[in-house]
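Notes to accompany the following structure.
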Amino acid sequence: MKQVRFPFLDLSDVNRNYIEELHNAAIRVIDSGRYIGGVEVKLFEESLATACQASHAIGVSTGLDALRLILSAWVEMGKLKKNDGVIVPANTFIASVLAIVHAGLRPVFVDPDPETFCISASGIDQACETDSGIKAVMPVHLYGNVAWNQEIRRTITDRELLVIEDTAQAIGAVSTEQGLFGSAHAGALGHAAAFSFYPTKNIGALGDAGAIVTHDTELATTVRQLANYGSDRRYHNIYAGFNCRLDPIQAAMIRAKLPDTLAANSRRFARVVAYENEIRHPLVIRPRISPNVTDQVWHQYVIRVVDNHRDELQQHLADNGVETDIHYPIPPHRQPCFSYLPKQHLPISDQLASEVLSLPVSDTTSVADAAEIARIINRFNP
């Protein structure tokens, strides 16, 4: 009898939901003859800004470039200077940290809250108490949870920190606490935010793509210039900039999917409910459904497997046809490229790296599949 497979993610299957819209978008761009900039990028930017309740959105090449451009723009604007400290959770994807380093700034790692996987107000406070050179903080909305609440907002305001949200995994999430400028939407809570539309994201392009969202007109102008070779007009370069523009073909693809953001996130939540109802294994800690989020986004459904049984459970699932992933097995502070940074004791991040296991949660997985995966977990006998 052929074994049933439970793939972690099948992008061709996910994109089948949008196939007509994607085909029409591609034809529209091809027929336009405009393959850099143009109306498709403009319409995408307007749609994203409206969705976030923010003043500006700027399409760029990747999520990493979005983070890097924001920080580089603040340096050019004089809001940050080289080697200023930027607080970043130590359990994030490496792109968050690369952006800080690429901008000539200094990453200051903090341990996350082990229940939410996100940065905490106490972590920000403790870092600032020991490092007077900290000028900014990067709340990472990891796995789709929102790194924002009343205590974080109060701490950031009291410390007068610049806030750059890493919203790569949280499109559509809404906090119960308003941001600094009135919007409660992830991506518009702080001074600026970076989005990723990498194909595996909840709303993904068909290639690399990213965006910057901000309420700040000066910042929006500066990042546009930096992303286009540092030019304020043709052949006139006021910054030593980059080529980080968003392709119209990807803008059109993302815009075709954007209207489905709420529904797509709701479909993921249906899988989460199945896991919540069915997983009962004593070695498994289910992720917390945050009380600080009106609309929680499940980019990943990440369990913790305690007592050093994560790898065994992953193998048990693989033996039963279930594909899983680990986000992330080696935290940034332990990566070879950052070995030059001062050593820090970050026990929570190290522990999470040894315990986390991501289960299938996308449109590739049905609700019935999620319930069956939970039952397979419950049969695990180490």
Side-chain angles (χ1 to χ4, degrees), residues 1-11 13-14 89-94 109 111-118 140 142-145 169 200-201 268-290 296-336 338 344-382:
M1 183 176 175
K2 188 175 180 180
Q3 185 184 59
V4 177
R5 282 187 65 253
F6 302 94
F8 187 76
L9 179 63
D10 182 341
L11 289 177
D13 184 50
V14 169
N91 61 321
T92 187
F93 181 57
I94 197 168
F109 294 113
D111 259 338
D113 181 313
E115 291 190 359
T116 66
F117 301 116
C118 291
V140 178
L142 195 68
Y143 309 143
N145 206 347
Q169 301 180 3
T200 60
K201 296 297 190 287
R268 285 175 177 256
F269 184 64
R271 281 79 174 162
V272 170
V273 171
Y275 285 135
E276 291 293 308
N277 289 339
E278 297 291 340
I279 294 177
R280 291 292 180 268
H281 201 288
L283 294 175
V284 172
I285 300 173
R286 299 190 305 273
R288 180 187 182 194
I289 297 177
S290 176
Q296 185 165 345
V297 174
W298 296 88
H299 174 58
Q300 304 292 351
Y301 184 83
V302 182
I303 61 174
R304 293 173 58 188
V305 187
V306 299
D307 295 343
N308 296 314
H309 289 296
R310 191 265 308 279
D311 294 348
E312 291 176 72
L313 176 57
Q314 186 176 36
Q315 186 59 56
H316 166 76
L317 287 164
D319 291 343
N320 285 274
V322 181
E323 294 179 6
T324 58
D325 206 343
I326 298 173
H327 299 93
Y328 302 97
I330 304 174
H333 67 281
R334 296 206 176 274
Q335 295 289 353
F338 296 133
Q344 288 183 256
H345 182 54
L346 298 159
I348 296 174
S349 298
D350 287 333
Q351 182 178 2
L352 290 177
S354 70
E355 292 180 348
V356 293
L357 185 65
S358 300
L359 304 181
V361 74
S362 75
D363 282 338
T364 301
T365 304
S366 69
V367 174
D369 287 342
E372 180 56 27
I373 291 167
R375 288 189 282 270
I376 292 170
I377 289 171
N378 292 339
R379 293 199 296 269
F380 174 54
N381 186 20

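Counting heavy atoms from C-beta outward, Gln296 and Val272 have side chains that stay 4.5 Å or more apart. Counting heavy atoms from C-beta outward, Val140 and Asn91 have side chains that stay 4.5 Å or more apart. When side chains are defined from C-beta on, Leu346 does not count as touching Pro331, because their heavy atoms never get closer than 4.5 Å. At least one side-chain heavy atom of Ile303 sits less than 4.5 Å from a side-chain heavy atom of Leu313. In this structure the side chain of Leu9 never reaches within 4.5 angstrom of the side chain of Asp325, judged on heavy atoms. Between Gln169 and Val297, every side-chain heavy-atom pair lies at or beyond the 4.5 Å cut-off. The shortest distance between side-chain heavy atoms of Asp111 and Ser349 falls below 4.5 Å. Pro360 is listed as a side-chain neighbour of Ile373, based on a closest heavy-atom distance under 4.5 Å.
In terms of the salt bridge (charged side-chain N to carboxylate O under 4.0 Å, His left out) criterion, residue partners of Asp350 (sequence neighbours excluded) are, by chain and number, Arg334. Residues passing the ring pair (Phe, Tyr, Trp, His ring centres under 6.0 Å) test with Phe380, sequence neighbours excluded: His281, His316. Applying the ring pair (Phe, Tyr, Trp, His ring centres under 6.0 Å) criterion to Tyr301, with sequence neighbours excluded, gives Tyr275, Trp298. Judged as a side-chain hydrogen bond (donor to acceptor under 3.5 Å, both in side chains), and not counting sequence neighbours, the contacts of Glu355 are Arg304, Gln351.
For the atom pair Ser362 OG and Gln300 CD, the distance stands at 9.0 Å (nearest 0.5 Å). Considering CD1 of Ile376 and CD of Glu278, their distance stands at 12.0 Å, rounded to 0.5 Å. One finds the OG1 atom of Thr364 at 5.0 Å from the CG atom of Asp13 (value rounded to the nearest 0.5 Å). In this structure, Arg5 CZ and Asp369 CG are separated by 11.5 Å, a value rounded to the nearest 0.5 Å.
For the pair Arg280 (side chain) and Asn277 (backbone), a donor-acceptor distance under 3.5 Å is present. The main-chain N or O of Pro7 is never found under 3.5 Å from a side-chain atom of Glu323 such that the two would form a donor-acceptor pair. Between the Thr365 side chain and the Ala370 main chain, no donor and acceptor come within less than 3.5 Å of each other. Gln335 contributes a side-chain N or O that, together with a main-chain N or O of Ile330, makes up a donor-acceptor pair within less than 3.5 Å.
The list of side-chain hydrogen bond (donor to acceptor under 3.5 Å, both in side chains) pairs with a residue in residues 373-382, not counting sequence neighbours, reads Glu372-Arg375. Among residue pairs with one or both ends in residues 345-379, none qualify as ring-ring contact (aromatic ring centres under 6.0 Å, His included); sequence neighbours excluded.
Under the 3.5 Å distance criterion, with hydrogens and angles disregarded, no donor-acceptor pair is assigned to the side chains of Gln315 and Asp311.
Results of the ring pair (Phe, Tyr, Trp, His ring centres under 6.0 Å) test with Phe93 over Tyr143, Tyr328, Phe117 single out Tyr328 as the only residue that passes.
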What do the steps show when you test Cys118 against Asp113 for side chain to side chain contact (heavy atoms under 4.5 Å, CB included), and what is the final call?
CA-CA 6 Å; Cys118 291; Asp113 181 313; 5.9 Å; no

